[in-house]
Each structure stands twice: as structure tokens, then as C-alpha cells.
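In what follows, every chain begins at residue 1, and chains take the letters A, B, ... in the order their sequences are listed.
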There are 2 protein chains.
Amino acid sequence: MNIEKPWGEGDVGKYIGINLRQFRANKGISIDVLAKQIGVSKLTLLNIERGEANPTLSVIWKIANGLKIPITALLSIESDVSISRKKDGMKLISSNDVFIAEPLFRSHGLIELYRGYLQPRGEYLSEAHQPGVMEFVTVMSGQLTVEVDGEAHHLDDYDSIRFKGDRPHKYTNPSSSLTMLHFVISYNNL
Amino acid sequence: MNIEKPWGEGDVGKYIGINLRQFRANKGISIDVLAKQIGVSKLTLLNIERGEANPTLSVIWKIANGLKIPITALLSIESDVSISRKKDGMKLISSNDVFIAEPLFRSHGLIELYRGYLQPRGEYLSEAHQPGVMEFVTVMSGQLTVEVDGEAHHLDDYDSIRFKGDRPHKYTNPSSSLTMLHFVISYNNL
DNA sequence: ACAAAAAGTAAAATTTAATATACCAATTCA
DNA sequence: TGAATTGGTATATTAAATTTTACTTTTTGT
């Protein structure tokens, strides 16, 4: 479960500009209007939109807040459609017979999805991830017990659990049939 | 599928500080070392960590890049464990008999998870979301056809699809049994 | 206890983001 | 056509982020 460098230094300003322009156009308001609305000078907005600026966090916040979008939406890059099918033999993260996790899509740094298989009576201990990581686990079929912070939580089909992943946690399949899981690892959770 | 204001203006600097300190402590390096490593002055880092700063995007980037984490990880807030069970009657987003989506967890602004039910032969047309939104749909059971950008993609059990959600897209259940879905809406995808 | 490293403080200098104002060109629209 | 809006340019000013240097306090480790 890796994190890759999203962009180079020169691109940071470029993408926030592209995104801002997109969001603003989407709302159909002019630079001047937005400027007055959020209390940032017109020129500042203009420079940011053209990627020729190095805005301050407070300015970034004012923009995001004024447009009613999360800050991170301003810093994102897009791509398009892709599909991950069950059979697709992708690289396995942990293939110790008992627990198998396969990445669903090429990681884009901020969010990662995995499909997981936990064998009957199987048990898997996960080390703590980086601080700031949030983990979402959903049972697609079977049963699962998640132990985190010393507490065990039992999940059935279609149940989901969310917990901070920056501490050790244990997955157990208490049943006698295979458990299919769905993981979302988020490196950003406001 | 809403977006809520994550924090107030005064808090922006506070959280980036808390997170930075956490990440740095986690890597076990001192302020001075990190400062030289990423080319930012010690005092600047110190002020940021104490939440008494309004850092520039380039500084934020240098930090994130130096720590090998996505920028957004620096701007995130944490909470703890919570579970969403199938029966939990939560507020429904769209309850027109055919398609039902229920939020799995209280939205934290950056990422949203939903459990979805699509009736046999059911069809649901979703309006375009904000630009910058990425959508991940996983079939937990049943079948699904997703139409986006004029192309139809068929999914079976445990298949997943990812696409830009800033355009209209249609979900169809071509089978004669209920389809259970899992949605991840991400407002940040590097 | 001692030395070393790390965190924190203080003040002045430098760099630069942000503002303000006025002006220009292209576009929209009545 | 002509007024108004919008994106963009130019310049000078202000406010503030960042750096540098040096010094103090706290923590860590042998």
C-alpha cells in the first residue's frame, strides 16, 4: 500500500489553477464577483487561475470555502474510466494463503481500493499505517471480526467499518467459508 | 451527496500543524533535519507545527513531498472507529423505489461511502457531480451496467469501476435479482 | 551529572504574496 | 451601435511569509 508523488513542484500551481477555473466556470461567476465574495483580490485569483501564483493557505481556504468545496478538490488531478474485474490477476499485496489483497486500481496517491479474501478461520494482523490514514472495510460476503484499539467488532454481509489505520489492527474470519472484503484506504479524511 | 464545510478559517493552520508534527514524529526526524532536507527554514516549520502560520503552497508542497505523503494528508482531520450495518435505517439519498443509496458514514467532506440497492431491471440516471469528483462503484452482489461518456460497461459480482463523476452516468441492473452496490465518492484524486 | 540534540524564543532583514488603482481589449447583450 | 461585463495587463504599495542568526530552555542519552 504505497503512496506516490503526485506532481512536481512546478505543477502544483498549475493544477490548482485549472481546477479553480473549472469550478468557477461551473458556478458561472466571474473572477471579479468571486473576488469580492470571498475577500481576495481579483489579481490574486487571476494569477492563481493562470498557474502563476504561490497562494497562501488562507487564500486557498477562502477559495475552497467560498466555492463550498473541500480544499483538496482544488489540488486534484483527474483521469478517466477504468475497470477492475474479479478474475484480473493483479499483483498481490499479501499472499500468505490466509489473506489476499489485490489493488483494484493503480494508486493515485490519495485513495486506494483493494479487494480482499480472508480464508475460513483465517486471521490477519495488519501493521499500523501512516498517521492520518483512514481505513474503510466492507464485507461483500461472509463474516469478519475487526480488532482495533483492543476492541473486537463483528461484521456480517454488507456491513462496513471505518477506523483510523495508524494503529495495528487484526482481521479474523470466524466462519467456515471464504470472506470477500472491500477496502478503502484514504489518506485524507476531514 | 453533499459536501460540508470541513473547518473554520482559524482551524486550517491548526490541523496542518498537528498533522505535520504527527508525520514528522512518525519518521523520527527533528525539525532542523527536515528543514534542511526540504529546503524550508526551521522557524517556518516550527510555526506551521504550532498552527501559528499561514504557509505558502510551495512550502506545503515541499513538506508533503519531503515526507513522501500527498498534500491532502497534511490537511486532514481524524476521528475514530464507527460501523455501519446493513439494517441501520439511515437517511436515504434517492428513494424512488428503483434505486436506493444510503450513506455509510457521516460525511467528512473528502470521501463518501454509500451502500446502494438497484432493483431488478432497474435503471438510475445520475446527474453530473462537481468537477474533480471521482466515483468508484463495486458490485457486492448481482449485476450492473454503467453507462458513462456514451459507453456501457458491464460488471459482475465483485467487479469495480472507476470513472470521473463530473458527467452524467447511468446505472442499470440488467438481471432479474436485486443488485447490491458499494459507492465511493472521492473529492480528491491525484 | 554532563554533553548533545532538539525544541522554542527573539529580532532584524529579505523576499514576495496580496492589495489597490487605473487602464486596455475582447465579448456579451440590450 | 454602444454600454456593460469580463479577462487580462502594468505599476506602485502594503502586508506578511520566509530566512538568517544567535541565544535560551527542555529533553534525551551515556
Novice: What is the distance from CD of E49(A) to P of dG8(D), rounded to the nearest Å?
Specialist: 8 Å

Novice: Given atom CZ of R24(A) and atom C1' of dT6(D), what is their separation to the nearest angstrom?
Specialist: 9 Å

Novice: Taking the side chain as every heavy atom from C-beta outward, state whether Y171(B) and L125(B) have any atom pair closer than 4.5 Å.
Specialist: no

Novice: Between dG7(D) atom P and E52(A) atom CD, what is the distance in whole Å?
Specialist: 16 Å

Novice: Over how many whole Å does the gap from D32(A) atom CG to dA26(C) atom C1' extend?
Specialist: 14 Å

Novice: Report the distance from atom CD1 of I16(B) to atom P of dA17(D), rounded to the nearest whole Å.
Specialist: 13 Å

Novice: I'd like to know whether the aromatic ring centres of F136(A) and F105(B) sit less than 6.0 Å apart in this structure.
Specialist: yes

Novice: So what does I31(A) hit on the nucleic acid, given a heavy-atom distance under 4.0 Å: a base, only sugar-phosphate, or nothing?
Specialist: sugar-phosphate

Novice: All N/O contacts under 3.5 Å from nucleotides 17-22 of chain C to the protein, with atom names and distances to one decimal?
Specialist:
{"residue": "dA17(C)", "atom": "O3'", "partner": "T56(A)", "partner atom": "OG1", "Å": "3.1"}
{"residue": "dA18(C)", "atom": "OP1", "partner": "T56(A)", "partner atom": "N", "Å": "2.8"}
{"residue": "dA18(C)", "atom": "OP1", "partner": "T56(A)", "partner atom": "OG1", "Å": "2.7"}
{"residue": "dT19(C)", "atom": "OP2", "partner": "S41(A)", "partner atom": "N", "Å": "2.8"}
{"residue": "dT19(C)", "atom": "OP2", "partner": "S41(A)", "partner atom": "OG", "Å": "3.0"}
{"residue": "dT19(C)", "atom": "OP2", "partner": "T44(A)", "partner atom": "OG1", "Å": "2.9"}

Novice: Take the protein atom CG of L46(A) and the nucleotide atom C1' of dC24(C), then report the distance between them rounded to whole Å.
Specialist: 14 Å

Novice: What pairs with T138(A) under side-chain hydrogen bond (donor to acceptor under 3.5 Å, both in side chains), at least two apart in sequence or on another chain?
Specialist: S160(A), H182(B)

Novice: CH2 of W61(B) versus P of dT18(D): gap in Å, rounded?
Specialist: 15 Å

Novice: Do you know the tightest heavy-atom contact between V59(A) and P55(A)?
Specialist: CG1-CB, 4.3 Å

Novice: Could you report the tightest heavy-atom contact between M140(A) and L181(A), atom names first, then the distance?
Specialist: CE-O, 3.3 Å

Novice: Using the test side-chain hydrogen bond (donor to acceptor under 3.5 Å, both in side chains), find all partners of S41(A) that sit at least two apart in sequence or belong to another chain.
Specialist: T44(A)

Novice: Give the rounded distance in Å between these two atoms: CZ of R21(B) and C1' of dA6(C).
Specialist: 11 Å

